[in-house]
Every structure is written in structure tokens, then in C-alpha cells.
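As the structure is a prediction and not an experimental result, all values here were calculated from the model. Every chain is numbered from 1, with letters handed out A, B, ... down the list of sequences.
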There are 2 protein chains.
Amino acid sequence: MVEAGQTRKRKRRTQSAPTVADVARLAGVSPMTVSRVINRETAVMDATRDKVREAIRALDYVPNSAARSLAGGRQSRIALLHSNPSASYLSEFLVGTLQEAGASDAQLVVEHCAAPESAEALAARLDAHRVDAVLLPPPLCDDPALLAVLQARGLPMVQIATGRAVDFAHAVTIDDERAAYAMTRHLIDRGHERIAFITGDTNQTVSSLRLEGYRRALREAGRALAPDLVVEGDFTYRSGLAAAETLLALALPPTAIFASNDDMAAAASAVAHRHGLDVPRQVTIVGYDDTPIATTVWPELTTIRQPIQDMARRGTQLLIAAIEAKRLGRAASVHHECLDFELVLRESDGDRPHD
Amino acid sequence: MVEAGQTRKRKRRTQSAPTVADVARLAGVSPMTVSRVINRETAVMDATRDKVREAIRALDYVPNSAARSLAGGRQSRIALLHSNPSASYLSEFLVGTLQEAGASDAQLVVEHCAAPESAEALAARLDAHRVDAVLLPPPLCDDPALLAVLQARGLPMVQIATGRAVDFAHAVTIDDERAAYAMTRHLIDRGHERIAFITGDTNQTVSSLRLEGYRRALREAGRALAPDLVVEGDFTYRSGLAAAETLLALALPPTAIFASNDDMAAAASAVAHRHGLDVPRQVTIVGYDDTPIATTVWPELTTIRQPIQDMARRGTQLLIAAIEAKRLGRAASVHHECLDFELVLRESDGDRPHD
DNA sequence: GTCCGTGTAGTTAGCGCTAACATTGCCGAC
DNA sequence: GTCGGCAATGTTAGCGCTAACTACACGGAC
């Protein structure tokens, strides 16, 4: 049997999706030009660029990301460190991060940080994974030991939703003080006189910002700050239960309760019902964060929505840019960004009841 | 000018992490042998393997995943399709999937399925992303149109926690009937006579399985099935509120309420409190799923834990295997696996109250 | 001994892309 | 003109790894 002559060996390449070479052939240019078009480089004539774009569309070409990161010498691995048990926060966060990471074909590694672990041990785990940068959602974003260790390793990092942005890390936040101010202002505008506040865990930096926003709104409205209307909570449902009991047992109970998160607001709502009070007809209850529990309980909670996905996306972008800058030896300038919150009006707030 | 001979050009390679070549040099073998050790191939002598392992450890070598998937011609992209608004489910799921995908350097794309979108439109989106296989958490895993379209495209897929596994898809489930049976059995063992059941959304396949488990337990215990003790819900908090009101308004109210998910159990708990009933002293309330709300509300709910992360991990494994099999032209056998659930005892269940 | 089979290793040639350099053509400056 | 400079494109050589082949040693069958 004689060989067919042609296809003597041609190794591998059985599957075949279109490659740059295919596109180049169809467009009548070199593969390099195709690459330039894909990477939006400038030195390509408009006519050429259009031809290539056309060919890409015709072949339904999608670049091979493995080849890109191999050839380009850039493959970034971003770690998402979390200790936060709030699953809803995490999933929003993950979705945002994955979108952005997918677009820049960066790899994401999710690492859970148990409390007792030393920051050094954690950093060692990151090294083992060859991590290039780190995403820090709350409350980890405020852990000084962790921040220090990461800084010492020269890893770019971004604090998400921190109340205390450090100067060596990127940060993407919302303005918690202003958000709490806006919510309190909203309650004032609905006619409420006695507005109570349930604080968050005093160890988290955002807690004091939220309290401060509440205070400023009252101050600016010329209201007295009744100390008995500010009760300490720690972000748990249970603490919300206790705080609401305290508030509703007052001789002159509040007509509105602003809880520093939705879990505590949900608890307050449960306590109000237990006291035979209708929400919002007899007492207004509002929360913060817009976690799933806000729409689970009835009545659904009026609350502050943080753009978690957007924050995650933006944080990831910053990290990818930082990795690139570092690779090029450029000094990375640190960005602190503040995104907009949203006041979400649902069913749990109403006008001040007529006495 | 004569060339210096040696370092004439040597392009690129500035960064340098250790490569197979470095390991090979140190171990005194060829790069191919190193590759064999990494990929656990058999044709390597133990002595050689140990040398290579030693060198890997010494250099702290980590294979370059981009190069691996490029050279190996295998790069899998797995889509996670979700319509489920339950963020907590999603985040557990994502963490499990990411772990497994990271280990096999598969890429994960998360696609949200809005309800009105046609299955075809969705499949087109998958094509655009060059997706190789699809993960289907509930309730999408039971969408016949979607399943059909994916099957037509020949995409491997896995139904997670479905109540109705189809024969052309992999499936990873828990035994909902048996779990509901176990929970009901537990309530019987605590002495309860009048055990109520709040059903889930009747459109989801798991709902009837859970009801069936409840029924079987009562039957086997020789109890009558009181029809007034089974109330329809639809998995929402609000439906749980209504169902619990109905149940507690009965002339002979139940001493235990088994809700088909935690949201409804939390609602039932709120209603019980509103009725001045202590949980669990006067009425026992148990849920299902072990979502975060189970540990948020007080008292914390006794519930059934599904191993969501494990299911996601296993499902991902099955898909990666299926993609590999397909690539090799082997017919993929379909796997249906059933993982263990766990009965999580917390604070919301107690013995039958003494009349 | 020759032969073949088998188990262990090494060689070669890409996977699909892009960095770095090379080339071409065109324009204005001298 | 011719030369430098620039802008648009092409060429070459890998990125780090592994598929597919080759090479060789050993060992038993004939």
C-alpha cells in the first residue's frame, strides 16, 4: 500500500475550532494582523480591521484563552479570601468577580479563612496557589494583620466595602455614612419623630459610619439625639430580637426603627408582630444591605442596596490592572473608588402613625 | 563584528517561574518524564518518580495550567445555568464547582436564565461561549424544554437535586423521600401525634417526594393521615405565613409542623410567636435545606442539610469526565448518584408538650 | 543466537497565540 | 533624488507543556 502522498503525518489537531490562521486566510492577511485586531491595537488600517472583523464573524471565531495567556506571558490568578458566613453576600460577589475574571481570562481561587488561622499560614496558602492579587470582602478587608502580611508580600489587593481604606491597597466602597443619612432623612420626611437605631457589630468599621449618618440626619433636621433610641446590636438576628424588645418596651416607643442590617430588621419586624403591632401601619422598620432575607420576610423590607456585584467587578478590574502594571514594572497607583448605593423602598416603611 | 556566540538572542522569558525543563534538569531526566510523573502515568519506575517528586518539591514547581490545556488540547468550559434566586444555594454551589473546576483547570461560566427567555436563545448563548457541558441546579434541572435543547446539541449535562432524573443526563441528588421520612420519623420519636406538613411548590419535582416521605413515615408508624394537617405552600416565606395561620387556627392544632423548606419554617415560627406559642416548648417547627435563614432566625431551625457543595463538586467531576470521554469518542455512560443528607438538630424541635 | 514483546525513557513537533524584530511603502525634508 | 522616519503589515520564534513517535534494554520463546 502506497501512502496517499498528501496527508502523511500532520500530527494532532483533530477537533479544530477556527484559529487565527483560519481567520487570517479568509481575511487575506497575516495571523499577526488578526491578533492585532483582537487586541485592539492601533496600528491597523480601518479597512483591514473591517475585513478581519468580517472574517471573525463569518467563522464564528473565538480566541483560545489558554493560548493567549501562554503566549502573552500573562496569566493572573486572583484569590478571593472570605471568612464571611453570609452566603448571599458571597454569591453576589462571586458572580461579579467571575464575570470580570472570565472576560480577562484571569483565574479565580476561592479561599476560606477560618478565624484561628494565622495570617502567615494563609499567605503561605496563597503562595502555594501562585496568587497574583487578592480580593478582600468584609469583614476580612479590615483585618490589620492580614493586610500587613499581604503588603509585605507585595501583593496587589483591594478592600471591598471597607470603612477604613488603607493607603497601600485599592478600595471599592459605598459611602455608608451618606447611605445611613439618606435612609434616616427618608424616615424624617415621612414624618417620624422618634426614630430608633440598632447599631451593628462595633468591631466592624462600617458600623460607626452608619451610626454617624443616622446622627447627622437627625442633627441637620434639628432633632435631639435621644440616647435611649440607639441600641447596640451585632448584626445577628438574635441581637436584633433583643434590641427591638428593648425599644418597644420603652415608655415612649419609637415609631420607626432603623436597623444596621436586614437580619436585625427582620428580627425587629418579628418582635413588632409579637407585640401585636402592624408593620408598617403602626411601626416602620427598615434595614440595610438588601440581603435575601429582606425580600423573604413579610412585609418586605425597605433597605439600602449595596451594588455588591459592581463592587466585585470593579475590584477585580483594579486588580487585573495592578497585576499588569506590576508585570511591566510600573508603579501601581492606588485607587479608592466609591460607588452609589440605592435606597430600596418596599413595604416595611410608612408615614408616622396618627396618634 | 563577531557574535558573542553564547547568548545571542534568547527572546522573552523574563519572569520565570520554574518549568518542567528546570525540574527535569534537577532530577536528571527528560521533561517528558516529569510530565509523566505529574500526570500520574504508570510507565515510570518508582525510583525515577521519587527523584522527580523531590525536584518538584525543591523548586516549588507548579505546572502552568494554560500550557497544559493548550498542549493537551483539552480545555473545558462548563456553564452553570441558574434561574434560582436563592443566593445561598448559589454560593454554596459556586464554591463547590469552583474547587473542582480549579483542580482540573476547567473554566466556569455562570449564566443567569431569565424566565421569559426561550431555551433556544439560551443555547445560542452557550454556543457563543463555546460551552462543553452544563450544570443544572434546581429548578432549571426540571425544565423539559431546556433539557431537550441541550440534549439536541449533544451537550453533557448534570441535573443537581432533581426529583426526576432523565436518562440522557447525569444526575446528582439526595433522596428527598427518605430525608422527609427521616425527619418525620424523628418527630414521631419525640412523641408527637399531630404532625403537620407544609408542602412546597407543586411544580417542583422534589415537593411531592418530600410529601411522600412524610406520608410513608406516618403510615409505617400506623398513624392516620389527617388531611387537614397537610397544607399547601410554594416555598415562599409568605406562603409559610398563611399555611401556619391555617394550621394554628385548627380546632385541634398540630404539636409539630414540618415545612418543606426553611423559609416557610421560619415563617411558621414567626406565626407561632405571634400566637403566643413558645418554640419548641409548645410547638415544634422543623424545616428543610439548611439555608442561612435556618441559623439566622431564633430559635435556630432543626432541618435537613443537603450537601450542596458536594453535589456541585461531584456534578462537575461527572461533567469533566464526560467531556473527556466525548473528546476521545467514547460513548459516555450516564451516572445517577445519590448523596447522603444530614438531619441537623438545632433548637426548634422538642418533645410533644404535656397537655 | 534471533526474534519479538514489553517496560522505561527520550525526541520531535506542535497546541494557538503573540513579542520582537523585519519589511515594505509612502511622505516630506534636505 | 535619497534618506530618514513613520505607519501598516509580515516573519520568526517561542510561551510551557504533552501527543505521538522512537530508542533501547531486558527477557523469555523458538
Look at Ser35(A) and dT18(C) and indicate whether a side-chain polar atom (N or O) is within less than 4.0 Å of OP1 or OP2.
yes

Of the candidate nucleotides dA19(C), dC17(D), dC17(C), which contains the atom at the shortest distance from the side chain of Pro63(B)?
dC17(D)

For side-chain contact (heavy atoms from CB on, under 4.5 Å), just list the numbers for Leu98(A) and Leu94(B), CA-CA rounded to whole Å, side-chain angles, deciding distance to a tenth of an Å, and then say yes or no.
CA-CA 10 Å; Leu98(A) 281 170; Leu94(B) 276 170; 3.8 Å; yes

Rounded to 10°, the helix from dG1(C)-dC30(D) to dC30(C)-dG1(D) deviates from straight, judged by its five-pair end axes, by 60°

According to the side-chain hydrogen bond (donor to acceptor under 3.5 Å, both in side chains) rule, which pairs have a member within residues 24-35 of chain B, sequence neighbours left out?
Asp22(B)-Arg25(B), Ser30(B)-Thr33(B), Ser35(B)-Asn39(B)

From CA spacing to verdict: side chain to side chain donor-acceptor pair (under 3.5 Å), His129(A), Glu111(A)
CA-CA 10 Å; His129(A) 281 297; Glu111(A) 288 283 328; 3.0 Å; yes

With a cut-off of 3.5 Å and sequence neighbours excluded, list every side-chain donor-acceptor pair involving residues 44-63 of chain A.
unit_1: Arg49(A); atom_1: NH2; unit_2: Val44(A); atom_2: O; d: 3.2
unit_1: Glu54(A); atom_1: OE1; unit_2: Arg57(A); atom_2: NH1; d: 3.2

d(CG, Leu70(B); P, dG14(C)) in whole Å:
14 Å

Rounded to whole angstroms, how far apart are CD1 on Ile38(A) and P on dC17(C)?
7 Å

Check this for me: does any side-chain nitrogen of one of Arg153(A) and Asp127(A) sit under 4.0 Å from a carboxylate oxygen of the other?
yes

Can you measure Arg327(A) atom CZ to dC15(D) atom P for me and round it to whole angstrom units?
16 Å

Taking the side chain of Arg74(B) as its heavy atoms from C-beta onward, which of dC15(D), dT18(C), dA19(D) lies nearest to it?
dA19(D)

To the nearest Å, how far apart are Arg68(A) CZ and dC17(D) P?
21 Å

Atom pair distance, as rounded to whole Å: NZ in Lys51(A) and P in dA8(D):
14 Å

Applying salt bridge (Lys or Arg N to Asp or Glu O under 4.0 Å) to Arg36(A) and not counting sequence neighbours gives Glu41(A)

Find every protein N or O atom lying less than 3.5 Å from an N or O atom of nucleotides 4-9 of chain C, and list the pairs.
unit_1: dA9(C); atom_1: OP1; unit_2: Thr48(B); atom_2: OG1; d: 2.4
unit_1: dA9(C); atom_1: OP2; unit_2: Met45(B); atom_2: N; d: 2.7

For the side chain of Val20(A), starting at C-beta, report the closest nucleotide among dC17(D), dG16(C), dA19(D).
dG16(C)

Report, one line per pair, each donor and acceptor closer than 3.5 Å where one atom sits in a side chain of residues 307-324 of chain A; sequence neighbours left out.
unit_1: Asp310(A); atom_1: OD1; unit_2: Arg313(A); atom_2: NH2; d: 2.6
unit_1: Arg313(A); atom_1: NH1; unit_2: Gln99(A); atom_2: OE1; d: 2.3
unit_1: Arg314(A); atom_1: NE; unit_2: Glu337(A); atom_2: OE1; d: 2.7
unit_1: Arg314(A); atom_1: NE; unit_2: Glu337(A); atom_2: OE2; d: 3.2
unit_1: Arg314(A); atom_1: NH1; unit_2: Gln317(A); atom_2: OE1; d: 2.4
unit_1: Arg314(A); atom_1: NH2; unit_2: Glu337(A); atom_2: OE2; d: 2.7
unit_1: Thr316(A); atom_1: OG1; unit_2: Ala312(A); atom_2: O; d: 2.7
unit_1: Gln317(A); atom_1: NE2; unit_2: Glu100(A); atom_2: OE1; d: 3.4
unit_1: Gln317(A); atom_1: NE2; unit_2: Glu100(A); atom_2: OE2; d: 3.4

Could you tell me how far apart Asn64(A) (CG) and dG14(C) (C1') are, to the nearest whole angstrom?
14 Å

For atom CE of Met32(A) and atom P of dT24(C), their distance in whole Å
18 Å

Separation of dG16(C) atom P from Asp105(A) atom CG, nearest Å, is 16 Å

Value for OG (Ser83(A)) from CG (Leu146(A)), rounded to nearest 0.5 Å, stands at 9.0 Å

Nearest listed nucleotide, side chain of Asn39(B), among dT18(C), dG16(D), dT18(D):
dT18(D)

Is the distance between the ring centroids of His112(B) and His82(B) under 6.0 Å?
yes

